[in-house]
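The block underneath contains the structure these notes are about, expressed in structure tokens.
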Amino acid sequence: MDKAYTPKDEEKIYKSWVDAGIFTPKVPKDPIKARAKKEPFTIILPPPNANNPLHAGHALFIVEDIMVRFHRMLGDPTLWLPGTDHAGIETQFVFEKQLQKEGKSRFDFDRDTLFKMIFDYVTKNRDVAKNQMKRLGFSLDWTREKFTLDEDHIKRIYAVFRRMVDEDLVYRDEKIVNYCTFCGTAFSNLEVIHKTVDSHLWYLKYPVVGEKDRFVTVATTRPETMLGDTAVAVNPKDPKYQDLKNKKLLLPLADREIPIIFDDSIDMEFGTGAVKVTPSHSAEDYDLAKKHDLPFIRIFDYNGKSNEQVPQKYQNLYPNQVRQSVVDDMQSIELLEKTEDYSHEVGHCYRCGRPIEPMTAPQWFVKIKPLSDEASKAVQKDEIVFVPKRFKKSFLTWMKDIKDWPISRQIVWGHRIPVWYDLAQNLQAKITFINKKGEVITNIWSKLSSNIETGFYSFEEIKQGLQVLLVPINKNDQGEVAGVYYSETEANQHGKYILQETDTFDTWFSSGQWPYSTLGWEPDSNHSPDFLYFYPTSVLDTMWDILFFWVARMVIFGLYVTKEVPFKVAHMHSRVTDSKGQKMSKSKGNVIDPVTIVDQHGADALRMALVFGIAPGSDVAISDDKIRAQRNFVNKIWNASRFIDMLIDRLKEKNPAIDISLPFIKGRDGEAERGLVDQEILTQLNKIIQSTTKNINKYHFGQASEDLYHFFWNQFCDIYIEKAKDRGEDVVPVLLTVLLNSLKLLHPFMPFVTENIFQYFKQKYPNFSSEEFLAISSWPKPYEV
RNA sequence: GACCUUGUAGCUCAGUUGGUUAGAGCGCUUCGUUGACAUCGAAGAGGUCAGAGGUCCGAGUCCUCUCAAGGUCACCA
């Protein structure tokens, strides 16, 4: 053995595990029966972004590896299933930045071409994260690796979508959504970050129709949206406005008459007690408008600029430009009463940081309430147990106030929504495509199809060059949506000019179905043996920041589709921070790359540093000091083993007949009487076996690792081995016994060094263990002392 | 605005259902080790467990309040 441990063999060891197939569980012939008899231990790895290298946070998946290796050693059939995520918006955003460097943008390509380009780009990077996980020692079953854009997965989520449509749980509607005009897509509430913005409250005077010099003053934070006002609302109890019933106001600048509506929801105390109502650009105004049947005027377009709904002079401007003009003009006609300083919360895009423009847009939604109720019930009944417990409450609170989930995204990188429109029934469909000359053409189908104004384009040319298809909500007399089909075949039977929806699913619509999809749930109920055997899974472990994004959606989908919870335990681990407890970020320059640490000190040191002495759910500060300390511990284990090896060699020199075919068994014939030191270390060993087992079962990995550290270093090395230096061959059985058991107990935490030493001793001392790998050796049980 | 979490040695944090002199790693002090150990070993300094009150035979651990820090959620003009 070398004088000091070097992690140079880690990759070789990992390969030997994989080659031996020990991470690949066998599925019995009758999986249902087998599962009833003994339930496998299963974890589905939260799929990292296929395009990105791992960051320090991913390294915390070692808690999954600890559980998985532990259960494998307990003899449970164990599966840890790996995969990667296409990570829709994230990846497209990164790719577009790449394009930008080449002086191009997404608008230069048709949809299919752009998708293929991103696919190639991601494919090139996909193995990076995979290899990094191997470096970290993750005992994943690579034979079952999955990707969110695998055909099987696509087929399954399409089938679920179809089922949701049929069961009226998915609908398409033009509602107010969070729209980022820079990213060019709608977002769910979760993707909106609220920031406090110092702004103003502008008091605008709207003249009362038919009454000279009479005005209603409204206070607003968004004067630019007044051009889209369709009412002013006041509280029916408000004495100030009692005589305004049935009166109308003249909307300045736009010169439109708008009604005054009365609604209890209006706060009489705020501002003037009168609120301008802009149904197309404010969520609460949207609700008011629905209630009072007001018209909708959307004044900003999806490109972020004002449209033809506003007077000419305000057209084609960004909101802040419109704001400036509106305020100036209102002032010049003396309709700006006053301006006050005011700070309030404004939604910003989590991705690009720009303000979100709430606006009405046709989108696909999931009717969430019936689904979330089921999820809440299951969690309430502890069919899913949260670790730490406090996340149960957050989960339930969030579920209670959940709103319908907009699942369509106006990006190409993702699962294209499986909906086909018959253009003949949707003449107003707006089509953007690149023609053969490479020009971007936008027009509505009625014009394109009749070649009016547009010149002649064959349908093939349009279809091939298609960028965006925007079909207005089109309901027929019966209130049914016309010309919409949920399979291509079906659509083709009805029409000649068929185009598929260009929107894609929210990434979480796909990853929310990850557990059952990766295991082989089939829409026709002809499920795979894997699914029958491993589902529901045992534990889901992830960082708490995607509790709502992902964990909640998996629970919802799992219960809806399989009628079972997707996992029984939701273990929320925490964030890895720098040595001062600061969140890692590129801008702070405190990002730690896990693989760099593995290169320097080995995976074991990093793994141990990440769990040593941490409490469940609390942040994990990682520092050089901590890693060095654990690197020293790795070396300590190595050197203690090496010393034991040397000691036995020395004893053998003195007495070649010494029997080293142990290990320790109580009452073995001819065994020397054990001294008190032996009793003591064996008692300690028993305690550590029990406490480690208990702590891992309770997810107290920090405690378990700390106890092991002290047992091995202080009890075994400092006391027992020190005393063994002065003793004879009678120490050998106990030395080997404690060493072997320590290696086993430490293995889930530090798989490489322990397997390395195990293989060395196994080779040199044939009876050290009959087990092929430490990774599949039996978990220790207490000894009789 | 609602909810959650945290406040323990110089730093980063443990302390599982309340039970004798409060722990670890790193750092610091002294001594010793060059035949297991990129060191290691032995000994040690250092905390009124944020503050106040309460429950209890007994509280860092449970309850209330105060102060401080962080986080999550939220359509208020």
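Proteins get letters first, then strands, A, B, ... in listed order; numbering begins at 1 in each. Values in this document were obtained by computation on a predicted structure and should not be read as measured data.
Of all nucleotides present, none satisfies the Watson-Crick or G-U wobble test against B:rA45 with each distance under 3.5 Å. When Watson-Crick and G-U wobble pairs are counted only if both distances are under 3.5 Å, B:rC40 pairs with B:rG32. With both pairing distances under 3.5 Å, B:rA59 is matched to nothing as a Watson-Crick or G-U wobble pair. When Watson-Crick and G-U wobble pairs are counted only if both distances are under 3.5 Å, B:rA2 pairs with B:rU72. The nucleotide B:rC26 finds its pairing partner in B:rG10, both defining distances of the Watson-Crick or G-U wobble pair being shorter than 3.5 Å. Pair assignment for B:rU16 gives none, since no Watson-Crick or G-U wobble pairing has each distance under 3.5 Å.
Nucleotides B:rG10 and B:rG47 place their P atoms 7 Å apart, quoted to the nearest Å. Going from the C1' atom of B:rG60 to that of B:rU48 covers 12 Å, rounded to whole Å. Rounded to a whole angstrom, the distance from the C1' atom of B:rG27 to that of B:rU12 is 11 Å. Separation of the C1' atoms belonging to B:rA68 and B:rG51 is 11 Å when rounded to the nearest angstrom. Taking atom C1' on both B:rG15 and B:rU55, the two are 22 Å apart, rounded to the nearest angstrom. Only the P atoms considered, B:rC31 is 49 Å distant from B:rC63, to the nearest whole Å.
At whole-Å resolution of the value, CE in A:Met1 and C1' in B:rA36 are 10 Å apart. Distance A:Tyr286 OH to B:rC75 P: 15 Å, rounded to the nearest Å. The CZ atom of A:Arg575 sits 11 Å away from the C1' atom of B:rU72 (whole-angstrom rounding). As a whole-Å value, the separation of A:Lys583 NZ from B:rU72 C1' is 12 Å. In this entry the distance linking CZ of A:Arg628 with P of B:rC40 reads 11 Å, nearest Å. Summarising the geometry, the separation between CD on A:Glu191 and C1' on B:rC73 is reported as 15 Å, rounded to the nearest angstrom. The interatomic distance linking A:Tyr350 (OH) with B:rA74 (P) rounds to 15 Å, in whole Å. If you take CZ of A:Arg390 and P of B:rU5, they are 7 Å apart, rounded to a whole angstrom.
Within the nucleic acid shown, A:Phe548 comes within 4.0 Å of sugar-phosphate atoms alone, with no base atom in reach, counting heavy atoms only. Among the heavy atoms of the strands, none lies under 4.0 Å from A:Asp619. In this structure, A:Lys725 reaches the bases: a heavy-atom distance under 4.0 Å links it to at least one base atom across the strands shown. Among the heavy atoms of the strands lying under 4.0 Å from A:Ala4 is at least one base atom, whether or not backbone atoms are also near. Within the nucleic acid shown, A:Thr397 has no heavy atom closer than 4.0 Å to any nucleic acid atom. Heavy atoms of A:Lys393 sit under 4.0 angstrom from primed sugar atoms or phosphate atoms, though from no base atom. A:Ser641 comes within 4.0 angstrom of no nucleic acid atom, judged by non-hydrogen atoms across all strands. A:His194 comes within contact range of at least one nucleobase, with a heavy-atom separation under 4.0 Å. No engagement by A:Phe633 is indicated, since no non-hydrogen atom pair under 4.0 Å with the nucleic acid exists. Residue-level contact check: A:Thr220 touches the backbone only, with heavy atoms under 4.0 Å from sugar-phosphate atoms and none from bases. A:Ala640 comes within contact range of at least one nucleobase, with a heavy-atom separation under 4.0 Å. Base contact: A:Glu345 has a heavy atom under 4.0 Å from a base atom. Within the 4.0 angstrom heavy-atom criterion, no nucleotide atom of any strand lies near A:Gly702. If you check every strand for non-hydrogen atoms under 4.0 Å, A:Ile637 touches nothing.
Mapping A:Trp398 and A:Asp578 onto RNA chain B via the closest heavy atom, the residue that lands nearer the 5' end is A:Asp578. With RNA chain B read from its 5' end, the first of the two nearest nucleotides for A:Asp267 and A:Lys3 is the one closest to A:Lys3.
Looking at the side chain of A:Lys698, the nearest of the listed nucleotides B:rA24, B:rU16, B:rC40 is B:rU16. Relative to the side chain of A:Asn189, the nucleotides B:rU16, B:rA74, B:rA14 differ in distance, and B:rA74 lies closest. Each of B:rU16, B:rG25, B:rA74 was ranked by its minimum atom distance to the side chain of A:Phe612; first place goes to B:rG25. Looking at the side chain of A:Arg642, the nearest of the listed nucleotides B:rU16, B:rA24, B:rC37 is B:rC37. Between B:rA14, B:rC73, B:rU16, one nucleotide has an atom nearer to the side chain of A:Gln703 than all others, and that is B:rA14. In this structure, the nucleotide among B:rA36, B:rG41, B:rA14 sitting nearest to the side chain of A:Phe643 is B:rA36. Each of B:rA14, B:rC40, B:rA36 was ranked by its minimum atom distance to the side chain of A:Trp713; first place goes to B:rC40.
Judged by distance alone with a 3.5 Å cut-off, no donor-acceptor contact links the side chain of A:Asn635 to the base of B:rC37. Side-chain to base pairing of A:Lys626 with B:rC26: no donor and acceptor N or O lie closer than 3.5 Å to each other. A:Glu722 contributes no side-chain N or O that forms a donor-acceptor pair with the base of B:rA42 under 3.5 Å.
By the 6.0 Å and 45° rule, A:Lys175 stacks over the aromatic ring of A:Phe365.
The main-chain N or O of A:Pro279 is never found under 3.5 Å from a side-chain atom of A:Ser282 such that the two would form a donor-acceptor pair. Side chain of A:Asn235 to backbone of A:Ile266: a donor-acceptor contact under 3.5 angstrom is found. Side-chain atoms of A:Lys369 come within 3.5 Å of backbone atoms of A:Lys400 as a donor-acceptor pair (strictly under, hydrogens ignored).
Considering only side-chain N and O atoms, A:Ser394 lies nowhere under 4.0 angstrom from the phosphate OP1 or OP2 of B:rC73. Checking the phosphate oxygens (OP1, OP2) of B:rU39, a side-chain nitrogen or oxygen of A:Arg631 falls inside 4.0 Å. For A:Asn639 and B:rU39, the shortest distance from a side-chain N or O to OP1 or OP2 is not below 4.0 Å.
Annotation: the span from A:Met226 atom CE to A:Leu253 atom CG amounts to 4.5 Å, rounded to 0.5 Å.
Atom NZ of A:Lys240 sits in a crowded spot, with more than 12 heavy atoms from other residues, nucleotides or ligands closer than 6.0 Å.
Salt-bridge annotation for A:Asp2 and A:Lys8: present, with a side-chain N of the basic residue lying under 4.0 Å from a carboxylate O of the acidic one. Look at A:Glu357 and A:Arg298 and you find no salt bridge, because none of the NZ, NE, NH1 or NH2 atoms lies under 4.0 Å from a carboxylate O. Ion pair A:Lys392/A:Asp382 flagged as a salt bridge, since at least one NZ, NE, NH1 or NH2 atom sits closer than 4.0 Å to an Asp/Glu carboxylate oxygen.
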Exercise for the section: Test A:Ser265 against A:Asp263 for side chain to side chain donor-acceptor pair (under 3.5 Å), laying out the working first. Expected result: CA-CA 5 Å; A:Ser265 69; A:Asp263 195 281; 2.8 Å; yes
